[in-house]
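A quick write-up on the structure given underneath.
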Amino acid sequence: MTAAPTDLAALTSSAYKQALEVIASVEPRIADATRQELADQRASLKLIASENYASPAVLLTMGTWFSDKYAEGTVGHRFYAGCQNVDTVETLAAEHAKELFGAEYAYAQPHSGIDANLTAYWAILAQRVEGPWLENAGVKNMNDLSDADWEKLRHELGNQRLLGMSLDSGGHLTHGFRPNISGKMFHQQQYGTDPETGLIDYDALRAKAKEFKPLILVAGYSAYPRRVNFAKMREIADEVGATLMVDMAHFAGLVAGKVFQGEENPVPYADVVTTTTHKSLRGPRGGLILATKEYAGNVDRGCPMVLGGPLSHVMAAKAVALAEAKTEAFQTYAQNVADNAKSLAEGFLTRGAKLVTGGTDNHLVLLDVTSFGLTGRQAEQALLDAGVVTNRNSVPADPNGAWYTSGIRFGTPALTTRGFGHDEFDNVAELVVDVLSNTTPGVTKDGGASKATYKLADGIADKTRAASAEMLDKHPLYPGLDLA
Ligand code: DSN
């Protein structure tokens, strides 16, 4: 029998109170920090686009003895004995993922989004380069290659082309950014957005792809506030013979919740789809890969090729979160995330603020803070002083570079989980604009404008915290969870 919500809150309170007592008996400072983290999260406006609040069921699932088990390999094909229960967990996580997203194959082992992307890249290289190369050489196993042929294969694997969205246009570090391993392991080029509109220009992308002829075309983003047409991405990939890989880490919850359908849903169009499970999908911190049957065998080789032993306790929590994401309640949540992002964007625009692309149609909003005379770093810190937790982000062709930046990225998944709606997000926009309008850049030793220091006018932080507290109290985080 399923417990009623009030019983669940009481059960959760008692579970955590007892767990914290056990932890405190060994290292009380960790128990204290854990209590403090809950208090801090409860008391701040969490607007980081890649964060959320997982359910108590998801969180509790991670704290078990599954953490103690090694299970390198795949279901039914492990390098360790005694993996029967891990097999149950991994199978359930993969089955839920396949059903939820309509995918042919799912791999639940990646520990994070970066791990998922690396695993996917190596799977594609194995499928497209290594396999055919070994076949041509007439060998099944690379250990059977002569040293000279092995060197040739290594050269082939290390000289493939990848085309991904640039970091300052909203792509992710792992989409071929030079300082990242993805930029070093591939011969890479990047596509950007239209300088006028800030939107992906599919014709320009097609022209670039035709000229560059990548093996892999990566679609997906971390800071692009718009939807992507994956049918067009597929067409472009097909025209140049590229594998289409989509990183849906940011918007997996909107796909799961059926907000992104048809050509906005990457799963029917991509060969390989990677994601994290903890952003809009609201699961545990981790990664996931979906793929067509064609790529399944090589994705399965992710551990131990690229990944360390799977975190079975986290895979268990992924299964719980994916089961939650199949519910109608989750679909309502996902729609609210997108509606709330529009409310936040409108709130900014009506108060004269400048947004990259002029708005949003996903879960995030990218505010250009140069119109406030600030860098992203100054804005991020001033907002934090006022209890508004965000992260600074580059804007296209950012004059302040990737460290100081000129933008602040806002996301609605977390506060939507708390129950914030249109009015609250409009109010959030007002508070943010008030803080930024009352922040002035500091001065460097030689009298120039500092990119880092700032002055927030007296009283603004307290005023903002008081206004936030009213909304936060109305929408408590983990209602009924009481650690006292
Ligand atoms: N954590 C991701 C994000 O914030 O978008 C980047 O890795």
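By convention here, the first residue in the shown sequence is residue 1. When a ligand or atom number is given, it counts from 1 through the structure's own listing order.
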- Query: Between atom CE of M245 and atom OG1 of T274, what is the distance when rounded to the nearest 0.5 Å?
  - Reply: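 Taking CE in M245 and OG1 in T274, the distance rounds to 4.0 Å.
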
Of all the atoms in ligand 1, which lie at a distance below 4.0 Å from a heavy atom belonging to [X]?
{"X": "H250", "value": "3 (C), 5 (O)"}
{"X": "H172", "value": "6 (C), 7 (O)"}
{"X": "R409", "value": "3 (C), 4 (O), 5 (O)"}
{"X": "S222", "value": "5 (O)"}

- Can we call the ring centroids of F212 and H187 under 6.0 Å apart? yes

- Task: Identify the residue among K326, E324, K318 that makes a side chain to side chain donor-acceptor pair (under 3.5 Å) with H96.
- Result: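 Result for side chain to side chain donor-acceptor pair (under 3.5 Å) with H96: K326.
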
- Please say whether K279 places an N or O atom under 3.5 Å from an N or O atom belonging to ligand 1.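 No, K279 has no N/O under 3.5 Å of an N/O on ligand 1.
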
- Polar side chain donor-acceptor pair, T243 to Y295, under 3.5 angstrom: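 Result is yes, a qualifying pair exists.
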
- Message: Quick check on K69: does its NZ atom have over 12 non-hydrogen neighbours (other residues, nucleotides or ligands) under 6.0 Å away?
- Response: yes

